[in-house]
Amino acid sequence: MTDSVRIEFPCRYPLRVIGDKDEGFRPAVLDIVRRHAPDLDEATVSVRDSRGGNYCSVRFTIVATGEPQLRALHETLMADPRVRMVL
């Protein structure tokens, strides 16, 4: 038997976006996020480079309002050619 976990919205929802390390990656990710979650709290944003220095990880937490918002955010992020993964 599997129990499905149901998310209750609105809720705080952490995300991590991994992509190619370049100067414009962080601002591009945050611009996309603000289009879908305009109340993004900058205090939740952290950036970390990969060990090899080729990739960058941007972590943040949004207030998610529903599944359509999360799907649209994921699709928009993945449409950026620098983005490799959204977790």
Side-chain angles (χ1 to χ4, degrees):
M1 174 189 271
T2 61
D3 292 325
S4 64
V5 176
R6 196 163 221 14
I7 299 173
E8 293 198 25
F9 296 101
C11 66
R12 293 178 51 79
Y13 196 87
L15 287 159
R16 184 166 131 186
V17 181
I18 300 167
D20 299 333
K21 183 182 175 192
D22 76 37
E23 225 175 84
F25 181 68
R26 179 186 185 274
V29 167
L30 295 181
D31 179 56
I32 292 168
V33 171
R34 283 190 198 97
R35 281 188 255 154
H36 295 276
D39 57 349
L40 173 67
D41 180 0
E42 290 285 332
T44 70
V45 178
S46 67
V47 180
R48 186 173 174 185
D49 293 341
S50 67
R51 200 170 298 145
N54 296 321
Y55 300 98
C56 179
S57 168
V58 181
R59 294 176 184 226
F60 52 89
T61 300
I62 64 169
V63 175
T65 58
E67 287 182 37
Q69 174 202 32
L70 294 175
R71 275 194 207 100
L73 174 56
H74 185 271
E75 287 173 12
T76 307
L77 285 165
M78 289 305 297
D80 187 304
R82 294 170 288 202
V83 173
R84 300 295 175 207
M85 276 191 272
V86 179
L87 307 169

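Computed from a prediction, not measured in an experiment: that's the story for all the values here.
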Is any side-chain heavy atom of F9 less than 4.5 Å from a side-chain heavy atom of T65? no
With sequence neighbours left out, write down each residue that passes side-chain hydrogen bond (donor to acceptor under 3.5 Å, both in side chains) with R59, or none if nothing qualifies. none
Using atom types as modelled, flag every donor-acceptor pair under 3.5 Å from a side chain in residues 21-30 to any protein atom, sequence neighbours excluded.
residue : atom : partner : partner atom : Å
K21     : NZ   : D49     : OD2          : 3.0
D22     : OD1  : G24     : N            : 2.7
D22     : OD1  : F25     : N            : 2.9

For T61 versus T44, what's the shortest heavy-atom pair and its separation? N-OG1, 3.2 Å
Within one Ile-Leu-Val-Met-Phe-Trp-Tyr cluster: I32 and V45, side-chain cutoff 4.5 Å: yes
If you group Ile, Leu, Val, Met, Phe, Trp and Tyr by side-chain heavy-atom gaps below 4.5 Å, do I18 and V58 land in one group? no
Atom pairs and distances, side-chain donor-acceptor, residues 73-87, under 3.5 Å, sequence neighbours left out:
residue : atom : partner : partner atom : Å
T76     : OG1  : H36     : NE2          : 3.0
T76     : OG1  : A72     : O            : 2.8
D80     : OD1  : R82     : N            : 2.8
D80     : OD1  : R82     : NE           : 3.2
D80     : OD2  : R82     : NH2          : 3.0
R84     : NE   : D20     : OD1          : 3.0
R84     : NH2  : D20     : OD1          : 3.2
R84     : NH2  : D20     : OD2          : 2.7

Work out which heavy atom in Q69 is nearest to a heavy atom in A64; give both atom names and the distance. OE1-CA, 3.1 Å
Nearest 0.5 Å, please: how far is CG in D39 from CZ in R34? 11.0 Å
